[in-house]
Amino acid sequence: MEGPAPTSHAASGVPAEGRCSYFVEKKRRFCRMVAAAGKRFCGEHAGAAEGENARKRILCPLDPKHTVYEDQLAKHLKKCNSREKPKPDFFIQDINAGLKDEMENPEQLVPFSSLSEEQLENLIKKLRKASEGLNSTLEDHIMSHPSLNDALNDPKNGDCAVKHLKQQVDGKHRKKNSVFERLQIDIQHLCLNRIPVLQEGRLPVVGIGKHLCGVATDLALRCLVETYAASFEERNEEPLAKRIKNDKTEKESNILFKEGNEKNIPEMWTPVAGIVIALCCHHRCDWRHYVGKEYFKALGLGAVDFYYFQRMSSWATCGMRRTSLEASDITTKRKDDQNSDNDEHDDGGDRLTDGSTDGVPGILTAEEKKNIGHLCKLLIDQGRLQYLQQKGFSPALQYYTDPSVSLENVLLTAVPAHLSSQEATH
């Protein structure tokens, strides 16, 4: 029961000065909302003290988490923080979402926990066949910028802070001597070529993302290589950076062509100069937004297969128990493994807590599930690589940090193919 603090609660303390005197029984403390001058209760709890004749409060239709006086509803709706805000020019609904007509048919999707052993075995066979020939051994490319040395060696930074420092070079941005703008928008609706600083300068961009969970990676890729890059092709114009470069290098280019020295031909310009994305949470992908649909279709796979593969991908990082022989000494390690990544990303999958499966037919060992999870991730990422190749990029997957720092330690990189080929010839 909640209400004004009864006499029995007097010993438990008093509300802070200027704060509401309403005692929240469930939380065993007073409400922390500010009370108006001369009032004991905040607006939310004023009715509790005013009795039956109090003005009626109702749930806000924009956000039922708070209430409002019924006779002031119209006024409240005009200033409520949950009201729809005007959309910026760079907001275009679903511009990076993909096609609606390619969503999976819900009628074909049996809940994962309801799959029979035979159905699961068939899925795994499909997965293994589709993954044949894929390189599952990625190169380690762990780097660290000197600017992080002081922070990494600072004893005041705990394990959690150090873990994040090892995965980024991303200090607090300041608008000093450089143009910086922070946008608050869902990537699904972001039209880069309408951002003023990019629109005016027609500048090349580099996309960088730390742990873009699941579908966010696909939305970001489409935002970069389709929405932004395609805008220059449609307008059939050269960006400012390219025009300036061409003016300076036109004579040199002509000389080099005449001499036949193709290796030293000046670089071609591209709207997207590079992409660097730390991947994670493949179980949060979905078929509509996925950029690798054509890759899956070429393998004879479709939306239903994708749904189950992305669900199984969580097996790669769900902190599974290895063998019953290790049970006596892995309790602490398992907690550490899970905290190293799952405090940041919900794996959302089927955990193994005692050597058995949770909601999955018991035909797989923990190690088999882990390997299958990695194959699912690899297959999904391979579709992204092919998508980038078709868009004129040279993509790659590599490990950017140690698994002890994060189980989600795969980095997707991509540079324009012509830049990659030039680098290879030097």
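Computed from a predicted model, the values in this text were never measured in an experiment. Excluded from the calculations below are hydrogen atoms, water molecules and symmetry mates; all remaining heavy atoms, backbone and side chain alike, are included.
Taking all atoms of both residues into account, the shortest heavy-atom contact from Cys42 to Cys20 is N-SG, 3.4 Å. Minimum interatomic distance between Arg194 and Asp89 (heavy atoms only, all atoms of both residues): CD-O, 2.9 Å. Gly373 and Ala316 make their closest contact through C-CB, 3.5 Å (heavy atoms, listed as atom of the first residue, atom of the second, distance). Here the closest heavy-atom approach between residue Leu73 and residue Pro61 is recorded as CD1-CD, 3.7 Å. Contact between Leu279 and Glu408 at its shortest, heavy atoms only, is O-CB, 3.7 Å. The minimum heavy-atom distance between Pro204 and Thr270, with the atom names listed, is CB-O, 3.6 Å.
Tyr308 places a side-chain N or O within 3.5 Å of a backbone atom of Val110 that can act as its donor or acceptor partner. Judged by distance alone, with hydrogens and angles left aside, the side-chain atoms of Arg83 form no donor-acceptor pair with the main-chain N or O of Leu77 at under 3.5 Å. Between the side chain of His289 and the main chain of Ala97, a donor-acceptor pair closer than 3.5 Å is present. Between the side chain of Lys87 and the main chain of Ile92, no donor-acceptor pair closer than 3.5 Å is present. Side-chain atoms of Lys85 come within 3.5 Å of backbone N or O of Asn81 as a donor-acceptor pair. Asn96 contributes a side-chain N or O that, together with a main-chain N or O of Ile187, makes up a donor-acceptor pair within less than 3.5 Å. Looking at Asp305, its side chain does come within 3.5 Å of a backbone N or O of Gly302 through a donor-acceptor pair. Between the Arg284 side chain and the Ala216 main chain, no donor and acceptor come within less than 3.5 Å of each other. In this structure, Arg57 contributes its side chain and Thr67 its backbone to a donor-acceptor pair below 3.5 Å. Panel note: side chain Ser313, backbone His283; a donor-acceptor pair is recorded below 3.5 Å.
Side-chain contact, Tyr295 with Gln390: no donor N or O sits under 3.5 Å from an acceptor N or O.
Considering only heavy atoms from C-beta on, Val272 comes within 4.5 Å of Phe393 through its side chain. For the pair Cys80 and His66, the minimum side-chain heavy-atom distance is below 4.5 Å. Taking 4.5 Å as the limit, some side-chain heavy atom of His76 sits within range of a side-chain heavy atom of Cys60. Taking 4.5 Å as the limit, every side-chain heavy atom of Lys56 sits out of range of all side-chain heavy atoms of Asp71. Side-chain contact between Asp94 and Arg288 is present, with heavy atoms from C-beta onward closer than 4.5 Å. Using a 4.5 Å heavy-atom cutoff, the side chains of Phe90 and Leu192 are not in contact. A heavy-atom distance below 4.5 Å is found between the side chains of Lys377 and Thr317. Residues Leu123 and Gln119 form no side-chain contact, since every pair of their non-hydrogen atoms from C-beta on lies 4.5 Å or further apart.
At most 12 heavy atoms of other shown residues, nucleotides or ligands fall within 6.0 angstrom of atom CZ in Arg32. Heavy-atom neighbours of Gln93 CD from other residues, nucleotides or ligands within 6.0 Å: above the threshold of 12.
A distance of 5.0 Å separates CG of Leu127 from CG of Leu375, quoted to the nearest 0.5 Å. Taking CG of Asn371 as the reference point, atom CH2 of Trp315 lies at 11.5 Å (rounded to 0.5 Å). Within the model, atoms CZ of Phe112 and CD of Gln310 stand 10.0 Å from one another, a figure rounded to the nearest 0.5 Å. Rounding to the nearest 0.5 angstrom, the gap separating the CG atom in Leu407 from the OG1 atom in Thr401 is 11.0 Å. Rounding to the nearest 0.5 angstrom, the gap separating the CG atom in Leu412 from the OG1 atom in Thr217 is 7.5 Å. A distance of 8.0 Å separates CD1 of Ile195 from CD1 of Ile185, quoted to the nearest 0.5 Å.
A perpendicular orientation is assigned to the rings of Phe23 and Phe30, their planes being inclined by more than 60° (bins at 30° and 60°). A tilted orientation is assigned to the rings of Phe91 and His189, their planes being inclined by 30° to 60°.
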Determine, stepwise, if the pair His282 / Asp381 fulfils side-chain contact (heavy atoms from CB on, under 4.5 Å). CA-CA 9 Å; His282 293 70; Asp381 288 337; 2.9 Å; yes
Residue pair Asp402, Asn409: steps toward the side-chain contact (heavy atoms from CB on, under 4.5 Å) verdict: CA-CA 7 Å; Asp402 191 84; Asn409 63 337; over 6 Å; no
Could you walk me through whether His211 and Ser406 satisfy the side-chain contact (heavy atoms from CB on, under 4.5 Å) test, starting with their C-alpha distance in whole Å, then the side-chain angles of each, then the deciding distance to 0.1 Å, before giving a yes or no? CA-CA 10 Å; His211 287 171; Ser406 174; 3.6 Å; yes
Between Leu378 and Leu397, does a side-chain contact (heavy atoms from CB on, under 4.5 Å) hold up when you go through it step by step? CA-CA 9 Å; Leu378 182 63; Leu397 298 174; 4.3 Å; yes
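Of the residues listed (Phe309, Tyr387, Phe306), the one engaging Tyr290 in a ring pair (Phe, Tyr, Trp, His ring centres under 6.0 Å) is Phe306, and it is the only one.
Residue pairs that meet the ring-ring contact (aromatic ring centres under 6.0 Å, His included) test with at least one member in residues 367-386, sequence neighbours left out, do not exist here.
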